[in-house]
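In what follows, every chain begins at residue 1, and chains take the letters A, B, ... in the order their sequences are listed.
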Amino acid sequence: MPLVIHNTLTRRKEEFQPLSPGRVSLYVCGPTVYDLPHLGNARPPVVFDVLVRLLQRDHEVTYVRNITDVDDKINAAARERGIPIRVLTEETERYYLDDMAALNVRPPHLAPRVTDHIADIIRLINRLVSTGHAYEVDGHVLFEVSTFAAYGALSGRSIDEMIAGARVEVAPYKRAPQDFVLWKPSDDDTPGWDSPWGRGRPGWHIECSAMIDHHLGSTIDIHGGGADLQFPHHENEVAQSSCANHGHPLARYWMHNGMLKVNGEKMSKSLGNFFTVRDVLAKAPAEAVRLLLLSAHYRMELDFSDDGLAQAKQALDRWYRALDQAGAPAAGAPDPSVVAALEDDLNTPEALARLHALAGEVYTAPDDASRQAAAARLRASAALLGLLEGDPAHWLRGGEDAGLAAEVEAAIAARMAARKARNFAEADRIRTDLAARGILLEDGAGGTTWRKA
RNA sequence: GGCCGGGUGGCAGAGUGGUCAUGCAGGGGACUGCAAAUCCCCGUACAGCGGUUCGAUUCCGCUCUCGGCCUCCA
């Protein structure tokens with residue numbers, strides 16, 4: 001089955017064909033590092049991590065996710081905290097990478113920083129100025145939107161509509177209200193770099209165009225990001241890059257993930273209704289958080305709730321228990337049904353339903369051999385989603401607390417003896433005591449096993 | 001106001017022009033000394049109103065409603 005992707009450019013599903021067979025270039029907009037990432041910020045990395053895992057089965061993937069470390073919000077945050085900008089951005093980048101690692105997001109192949117690409121940005125702007133797509137006014141360089149006929153194609157809006165919207169910033173130096181900044185002057189207290197237009201810093205959108213151009217070339221296969229970036233960010237990227245590259249399209253497939261919501265509203269810094277990834281990791285296992293983020297289709301909105309988190313944990317309990325019962329998992333191949341679900345525009349809910357079916361096969365297997373085969377398929381299938389890669393015993397019984405394990409085993413033995421003697425009051429007392437400490441016993445055909453609640 | 005995307009059983013959440021999602025919760029049963037786990041069975045769900053059709057939750061139109069973007073945003 002071929003991979004099918006919903007392309008924002010055409011608003012329909014299309015069969016994915018990379019520009020060069022067997023090779024895929026992917027760019028996803030990364031974080032602006034001024035504050036701890038919230039759960040909504042984690043959705044694109046998790047979603048596109050699954051895409052990369054899927055693509056890597058038969059493609060050589062080059063995945064770039066930038067770090068934006070030049071931005072006015074960064075400047076403001078650093079000023080507020082009274083720390084150097086560099087300290088803030090490095091600290092925040094560290095937090096971001098740690099949080100993503102906790103969510104089992106594999107690092108991208110390249111994670112370029114804007115500060116390392118100022119020269120590329122200046123060169124790109126120069127190309128736009130010299131070809132008449134950008135103009136300089138008082139140290140500002142602006143992109144002249146009217147020079148790009150296809151402007152609005154990605155986000156599906158016309159310039160007329162946007163002007164009618166009248167919320168576009170109308171700065172006196174702009175030739176037209178929809179023109180946007182490529183370069184702006186910096187005062188002495190603001191980070192800046194020397195340029196043909198004086199000391200200044202890049203505008204918001206140009207960085208991505210410059211880094212894509214530098215690392216991946218003029219046309220990439222897939223560009224991803226949050227739906228809220230579709231306009232103006234991605235629209236402006238398209239305009240800049242196309243105009244700087246003789247009309248070559250920036251990306252052939254655009255993918256946008258839906259917003260994470262809290263109580264029906266978009267989770268966002270400005271609304272203040274956000275949970276940082278750290279907040280959430282404090283109350284649920286990281287893998288449950290990852291599962292929750294994959295429990296709705298990536299293009300749909302996803303309402304975050306503690307109940308959803310609890311359900312995700314329950315599902316993992318069931319799956320890990322299946323793996324645990326099957327013994328040491330052998331290497332396996334993913335189940336075709338899971339692959340097919342993911343190849344259908346990353347239908348993770350369907351894939352998760354298949355995982356439940358595979359777990360059922362483990363539980364109903366007639367013999368050890370078929371049970372292990374089913375478990376191997378479950379594990380390999382889940383790995384495409386970045387799930388069930390941990391040790392089942394660790395998930396169910398916790399870390400290497402040998403003392404606890406020995407103690408529980410001793411209690412289980414004592415209970416077994418009481419049961420043999422038909423002293424059920426004593427047996428139940430032992431079980432109840434353990435339950436009070438969060439240890440649950442499960443009597444199976446092969447003896448009694450235990451797990452943490 | 002303009003543009004875009006949703007409204008599916010108690011909840012979460014896929015999908016389809018004509019017997020099935022799936023998970024959680026709930027009910028019944030099996031197993032068990034009892035639990036837990038697991039297995040089996042169980043729900044006239046597709047916002048409303050029209051239309052197309054032999055047949056629509058699925059296609060079309062309208063209405064209501066929720067959210068996103070249009071300003072920083074993943």
Side-chain angles (χ1 to χ4, degrees), chain A residues 8 11 28-32 34-35 37-48 65 68 71-73 76 152 155-158 160-169 178 204 224-235 256-261 264-271 274 291-292 295-297 299-303 305 307-315 317-319 321-322 324-325 341 344 347-357 359-360 362-364 396 418-419 422-425 427-428 431-432 434-435 440-445 448-451 453:
Chain A
T8 307
R11 274 157 243 287
V28 175
C29 287
T32 299
Y34 69 103
D35 202 357
H38 69 232
L39 197 58
N41 297 312
R43 196 175 188 191
V46 169
V47 164
F48 290 104
R65 188 186 65 205
T68 295
D71 180 271
D72 288 350
K73 287 195 296 298
S155 56
R157 57 189 85 206
S158 71
D160 290 347
E161 286 164 4
M162 289 159 35
I163 294 171
R167 285 212 252 169
V168 198
E169 180 198 358
Q178 67 273 18
W204 177 28
D228 53 353
L229 296 183
Q230 199 172 317
F231 187 88
H233 185 54
H234 290 162
E235 193 69 62
H256 289 98
N257 62 274
M259 297 294 97
L260 195 76
K261 301 199 296 180
E265 268 191 322
K266 176 186 173 184
M267 180 183 287
S268 72
K269 294 257 167 82
S270 47
L271 285 172
F274 61 89
L291 174 54
L292 177 65
S295 63
H297 183 90
R299 277 190 282 115
M300 296 295 111
E301 292 173 336
L302 169 57
D303 217 326
S305 71
D307 191 54
L309 210 49
Q311 281 200 28
K313 189 200 174 274
Q314 271 190 91
D317 284 343
R318 172 174 156 82
W319 295 337
R321 189 182 294 122
D324 193 44
Q325 286 186 11
D344 181 13
N347 191 340
T348 52
E350 172 67 19
L352 296 175
R354 304 323 308 172
L355 253 34
H356 276 291
V362 175
Y363 286 121
T364 56
L396 296 168
R419 291 175 71 199
R422 302 196 67 78
N423 182 355
F424 296 120
D428 289 350
R431 187 174 61 199
T432 307
L434 288 173
L440 304 181
L441 299 189
E442 291 170 0
D443 295 332
T448 300
T449 57
W450 65 279
R451 67 184 173 95

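For A:R422, the listed nucleotide lying nearest its side chain is B:G33; candidates were B:G33, B:C70, B:A74. Closest to the side chain of A:D443, from the set B:A35, B:G67, B:A14, is B:A35.
For A:R318, there are no salt bridge (Lys or Arg N to Asp or Glu O under 4.0 Å) partners, not counting sequence neighbours. Under the side-chain hydrogen bond (donor to acceptor under 3.5 Å, both in side chains) criterion, A:R451 pairs with A:E442, sequence neighbours left out. A search for side-chain hydrogen bond (donor to acceptor under 3.5 Å, both in side chains) contacts involving A:D228 returns A:K266, not counting sequence neighbours. Here A:D317 pairs with A:K313, A:W395 under the side-chain hydrogen bond (donor to acceptor under 3.5 Å, both in side chains) rule; sequence neighbours left out. The side chain to side chain contact (heavy atoms under 4.5 Å, CB included) test applied to A:N41 returns A:P37, A:H38, A:K269, not counting sequence neighbours. Under the salt bridge (Lys or Arg N to Asp or Glu O under 4.0 Å) criterion, A:D428 pairs with A:R431, sequence neighbours left out. Residues satisfying the side-chain hydrogen bond (donor to acceptor under 3.5 Å, both in side chains) test with A:E301, not counting sequence neighbours, are A:K261. Under the side chain to side chain contact (heavy atoms under 4.5 Å, CB included) criterion, A:A351 pairs with A:V338, A:A341, A:L342, A:L385, not counting sequence neighbours. Judged as a salt bridge (Lys or Arg N to Asp or Glu O under 4.0 Å), and not counting sequence neighbours, A:D35 has no contacts.
Side-chain contact check for A:Q178 versus A:P232: every heavy-atom pair is 4.5 Å or farther apart.
Interface residues of residues 37-47 of chain A facing RNA chain B, ordered by number: A:H38, A:G40, A:N41, A:P44; criterion, heavy-atom separation under 4.0 Å.
Distance A:Y34 OH to B:A74 P: 6 Å, rounded to the nearest Å. Atoms NE2 (A:H233) and P (B:U71) sit 15 Å apart, rounded to a whole Å.
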**Request:** Give the B/S/- string for nucleotides 20-28 of chain B, one per nucleotide from 5' to 3', where a protein heavy atom under 4.0 Å of the base yields B, of only the sugar-phosphate yields S, and otherwise -.
**Result:** -BSBSS---

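Helical stems in RNA chain B, defined as runs of 3 or more consecutive Watson-Crick or G-U wobble pairs with both donor-acceptor distances under 3.5 Å, are listed by first residue as B:1-7 with B:64-70, B:10-12 with B:22-24, B:26-30 with B:38-42, B:47-51 with B:59-63.
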